[in-house]
Peer 1: 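This is the structure, below, for whatever I ask next.
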Amino acid sequence: MHKDDLEMKWDETKISDNLKESAEELEIPHSLLPQQMEHWLRQQTASETEKGEQPMEENREKRDNRENPRRKKSYTRWWCTTFAAAACLALVLFAVGRNMDWNLNVHEESTFDKAGKPEGEEYTDADDQEEGTTYEKLYKSFEKAWDEQEKMEVGICTDGAVDDAAKEETSSESFDTDTSGMSTFDRGGALDADGSNGEEETSEDYGKTNQQEEAVEEADIIKNDGRYLYQVVHQNQNAGSYMVWIVDTKNGLKEAARIEGFEQIDEIYVWKDQLVILEPNWVDYGEGDDQGSSYSKIHIYNIADRSKPELYHTFTIKGSYMDSRISDGYLYFFSSYYTSRPKGIEDLSRYVPMLDGKPMEEERITLPEETDADSYLVMASVDMERPDKFADTKALVTSADQFYVSKKNIYVADTQQVSYQEEGKHTDSTKLFRYSYKDGRMFQDAEGTVEGTLRDDMALNEYQDHLRLVTTVEKREVQKVVDDISGDLMGYDTMDLETTNSLYVLDLDLNVTGKIENLAKDERIYSARFMGDVGYFVTFRETDPLFSVDLSNPAEPKILGELKISGFSEYLHFYADNLLLGIGMEVDEETGEAKGIKLSMFDISDPTDVKEKSKMNLSKYDYSEALYQYKTVLIDPKKNLFGFSAEGYWEDDSKYENSYLVFSYENGEFQEILKVDCQDSNWGWSVRGTYIGDRFFVTAEKGFIEEYSLTDKNKVRELSINKDH
């Protein structure tokens with residue numbers, strides 16, 4: 001099957017503007033672009049340093065000079081002065097110069113397959129109309145937010161340096177949608193039903209991405225199909241220095257192919273004979289315009305011949321990539337798009353989501369009745385069997401940044417912070433939206449609200465048509481601050497912070513059917529995991545209460561047990577029958593000082609009497625990505641294997657250790673079966689591990705792989721992207 005060529009729509013003005021843009025040589029690193037700076041700053045507002053978090057803060061300061069830009073979660077607290085300095089600096093860099101090289105191709109208008117609704121209901125246009133709004137309503141809804149945003153920006157940089165360019169997300173009518181590399185989609189080379197390449201020998205025993213739902217695939221920076229390794233590589237700070245490196249592991253290690261020239265790569269998928277590359281981008285509107293836009297590209301490659309990947313299609317979506325899934329052969333993609341004040345209501349490109357250079361239709365956009373958001377969650381799906389157009393698109397006006405995708409539903413969580421503009425006692429909350437999905441179609445079915453905020457995606461779980469979640473609830477007393485002399489209102493202050501935790505059970509209409517509130521006063525949720533009728537979650541302040549909860553009756557959830565031990569678990573994983581693995585930190589109960597990473601194995605055979613069966617203190621290590629990003633953990637309970645990278649200082653901070661560690665659990669004890677030193681310049685950040693059979697591979701983002709034998713634990717060989725060993 002051949003795709004139709006795209007029509008190139010050029011005119012003299014666009015060509016001239018493009019040449020002027022391309023002539024400027026100075027380039028802004030992606031991480032310093034205005035929208036990236038503000039996105040980082042926005043993320044920091046979501047968390048505050050509490051007493052239970054202090055042990056980590058001291059250790060983080062030791063690593064400030066080598067902070068990993070990929071890290072999505074942190075305990076760092078920011079202040080208004082930091083915001084002002086960073087925002088102004090971003091704009092100074094932005095004004096110095098830019099290097100643009102983007103094609104002004106306009107993609108052919110997407111069409112939408114009328115796929116069936118869930119439960120066999122037939123899809124009709126009326127289904128979209130029920131969710132839709134109008135551009136006029138959107139414009140009016142955003143006006144207040146734009147006014148407030150501009151006031152804030154004036155207050156931050158009084159010298160006028162901060163202007164509309166500092167906004168995280170704006171839009172562009174012309175994205176880079178160049179698909180000149182499209183090829184015939186060769187179905188003859190597709191993988192077998194089991195996902196292995198039928199013409200070559202592959203293993204059924206290999207490492208897979210650690211994901212929340214077994215049947216719902218998640219993207220990552222490394223993939224493994226039982227023979228080939230696929231890795232996101234970042235060699236240097238130059239433009240276009242990201243690539244996907246494909247390595248053949250048959251009879252050794254040898255490079256199969258490189259897919260090069262990306263400004264940045266967020267994550268990748270390998271699905272049958274297709275490779276999906278998710279690339280973030282930034283484009284400015286052109287000379288004389290002080291605004292620009294971040295957007296995302298979805299590149300689909302045909303890799304039937306692993307040595308000759310061929311670009312098949314590229315999609316563009318307004319906004320910054322947030323998350324994605326592949327379920328039942330469809331890719332579901334989520335981005336966050338912040339609007340900016342347009343020149344007029346007709347200037348849709350500044351406040352309406354754009355897909356392949358075209359504004360989204362009104363009927364596909366949902367504007368909640370009560371919202372002060374100036375941003376969208378943009379959702380799009382692609383049929384991986386025919387990835388040449390969007391299967392469906394939707395947008396929701398929200399600032400949501402957390403997702404949970406079950407086999408049937410997409411849950412979106414939007415944190416509602418405490419208001420500081422009104423006296424009284426206020427509680428933070430989480431607004432939830434449920435979208436059912438099937439065959440690429442997405443349908444908004446329900447919305448609801450619970451008190452408190454979520455720690456992460458793992459705090460959500462669907463089981464037997466009910467959503468279970470745990471939140472940390474903060475209540476604050478807000479008081480007016482009045483000038484003693486003039487009596488003028490100076491602002492508002494908060495008093496008497498009260499922190500508790502709650503568990504909620506909701507039905508598919510997102511109505512609360514059962515709840516347990518006021519748990520673990522002055523503590524916070526640190527991790528959670530659900531399995532069947534039982535849930536487990538950890539709170540922390542000075543000790544680690546591991547709660548077990550009976551969820552068999554959705555109307556009456558009950559606390560079964562509470563185990564108190566030192567430290568806390570940041571990540572929980574069901575390891576085997578009646579065993580629950582915890583990865584976290586050991587903490588001195590008297591001083592609150594962090595004592596290194598801690599492994600715990602809990603015996604959950606009796607949920608009313610959970611026991612810490614075994615523990616291991618990794619005192620040399622005080623940080624690991626595994627504490628914040630579950631996909632960095634390689635884990636296969638059936639193979640009795642788990643691993644992660646860790647780093648830290650020890651012996652009075654005189655020694656630094658950076659290692660990849662692999663463990664098993666045997667005879668009631670943790671066993672370290674492999675330790676790889678990752679301190680030299682080959683490794684860099686984002687060290688990952690995976691395996692094929694009894695061969696274990698440790699990979700580095702700089703383009704370096706070492707192979708070890710799980711049988712004798714010896715190093716076998718290595719491969720560098722710069723030199724084949």
Side-chain angles (χ1 to χ4, degrees), residues 28 30-46 72 78 83 86-87 90-91 94 133 135 137-154 156 162-173 175 266 280-285 289-297 316-323 333-343 345 347-355 359-360 365-368 371-380 393-403 412-417 431 433:
I28 305 172
H30 185 274
S31 60
L32 293 181
L33 288 170
Q35 86 284 4
Q36 294 295 327
M37 290 293 293
E38 187 180 347
H39 182 61
W40 179 82
L41 290 166
R42 283 178 184 270
Q43 284 185 315
Q44 305 314 303
T45 67
K72 291 187 177 180
W78 70 279
F83 184 100
L91 289 172
F94 181 78
T133 182
Y135 296 146
K137 289 181 180 179
L138 291 167
Y139 184 90
K140 290 180 178 179
S141 175
F142 294 141
E143 276 191 303
K144 182 180 178 180
W146 293 331
D147 290 341
E148 293 297 323
Q149 189 179 44
E150 288 167 1
K151 289 178 183 178
M152 182 183 68
E153 289 166 352
V154 171
I156 289 174
V162 173
D163 54 23
D164 287 343
K167 296 170 184 172
E168 178 181 346
E169 307 289 354
T170 55
S171 68
S172 169
E173 294 186 51
F175 294 125
D266 281 323
N281 286 264
W282 169 264
V283 64
D284 119 83
Y285 287 156
D289 198 325
D290 58 4
Q291 294 187 355
S293 172
S294 68
Y295 66 102
S296 303
K297 290 182 178 180
T316 59
I317 298 177
K318 174 63 68 63
S320 299
Y321 170 67
M322 300 189 72
D323 216 333
F333 182 92
F334 312 111
S335 70
S336 175
Y337 157 44
Y338 280 83
T339 65
S340 65
R341 188 186 294 280
K343 297 176 181 178
I345 193 171
D347 186 10
L348 301 180
S349 64
R350 304 298 177 96
Y351 69 98
V352 174
M354 307 285 288
L355 295 101
M360 183 180 286
I365 302 172
T366 298
L367 176 63
T371 181
D372 57 1
D374 61 344
S375 57
Y376 292 91
L377 166 66
V378 183
M379 302 182 287
T393 59
K394 290 288 192 296
L396 173 69
V397 177
T398 178
S399 56
D401 62 356
Q402 289 179 307
F403 305 88
V412 180
D414 186 354
T415 299
Q416 309 290 302
Q417 299 288 355
K431 192 166 187 177
F433 299 88

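Not measured: the values here are computed from a predicted model. Nothing fancy with the numbering, it's 1 onward along the sequence. Hydrogens, waters and symmetry mates are skipped; everything else that's a heavy atom, side chains included, is used.
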Peer 1: To the closest 0.5 Å, what do you measure between CE (M322) and CE (M379)?
Peer 2: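 Here the rounded value is 12.0 Å.
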Peer 1: If I compare all heavy atoms of S296 with all of S320, which pair ends up nearest, and what's the gap?
Peer 2: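 In terms of heavy atoms, the two residues are closest at OG-C, 3.8 Å.
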Peer 1: Please work out whether the ring planes of Y376 and F142 are parallel, tilted or perpendicular, with thresholds of 30° and 60°.
Peer 2: perpendicular
Peer 1: State which residue, out of Y321, F333, F334, fulfils the ring pair (Phe, Tyr, Trp, His ring centres under 6.0 Å) condition with F403.
Peer 2: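 The single option meeting the ring pair (Phe, Tyr, Trp, His ring centres under 6.0 Å) with F403 is F334.
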Peer 1: Supply the atom-to-atom distance S293 OG to W282 CH2, rounded to the nearest 0.5 angstrom.
Peer 2: 6.5 Å
Peer 1: Within the side chain of T398, is there an N or O that forms a donor-acceptor pair under 3.5 Å with the backbone of L377?
Peer 2: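 Flag not set: sc T398 to bb L377 has no pair under 3.5 Å.
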Peer 1: So do the side chains of K394 and T366 get within less than 4.5 Å of each other, counting heavy atoms only?
Peer 2: no
Peer 1: Just to verify, what does A145 make a side-chain contact (heavy atoms from CB on, under 4.5 Å) with, not counting sequence neighbours?
Peer 2: D374
Peer 1: Suppose we screen for side-chain hydrogen bond (donor to acceptor under 3.5 Å, both in side chains). Which residues come up paired with S399, at least two apart in sequence or across chains?
Peer 2: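 Partners of S399 under the side-chain hydrogen bond (donor to acceptor under 3.5 Å, both in side chains) test: D414.
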Peer 1: Can you name the ring-ring contact (aromatic ring centres under 6.0 Å, His included) partners of Y139, sequence neighbours left out?
Peer 2: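 Once residues adjacent in sequence are excluded, the partners of Y139 under the ring-ring contact (aromatic ring centres under 6.0 Å, His included) criterion are W146, Y351.
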Peer 1: Could you go step by step and tell me if D147 and R341 meet the side-chain contact (heavy atoms from CB on, under 4.5 Å) rule?
Peer 2: CA-CA 9 Å; D147 290 341; R341 188 186 294 280; 2.3 Å; yes
Peer 1: Between D323 and Q402, is any pair of side-chain heavy atoms under 4.5 Å apart?
Peer 2: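 They are not in contact (no side-chain heavy atoms under 4.5 Å apart), so the answer is no.
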Peer 1: Can you find a heavy atom in the side chain of P353 that is under 4.5 Å from one in the side chain of I365?
Peer 2: yes
Peer 1: With sequence neighbours excluded, tell me which residues meet side-chain contact (heavy atoms from CB on, under 4.5 Å) with A380.
Peer 2: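 Checked A380 against side-chain contact (heavy atoms from CB on, under 4.5 Å); matches are I317, L355, F390, T393.
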Peer 1: Would you mind reporting whether T371 and K431 have side-chain heavy atoms less than 4.5 Å apart?
Peer 2: no
Peer 1: Who pairs with K137 by side-chain contact (heavy atoms from CB on, under 4.5 Å), at least two apart in sequence or on another chain?
Peer 2: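 For K137, the residues satisfying side-chain contact (heavy atoms from CB on, under 4.5 Å) (neighbours in sequence not counted) are T133, T134, L367.
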Peer 1: Tell me every residue that passes side-chain hydrogen bond (donor to acceptor under 3.5 Å, both in side chains) with K140, counting only those two or more places apart in sequence or in another chain.
Peer 2: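 Applying side-chain hydrogen bond (donor to acceptor under 3.5 Å, both in side chains) to K140 gives E136.
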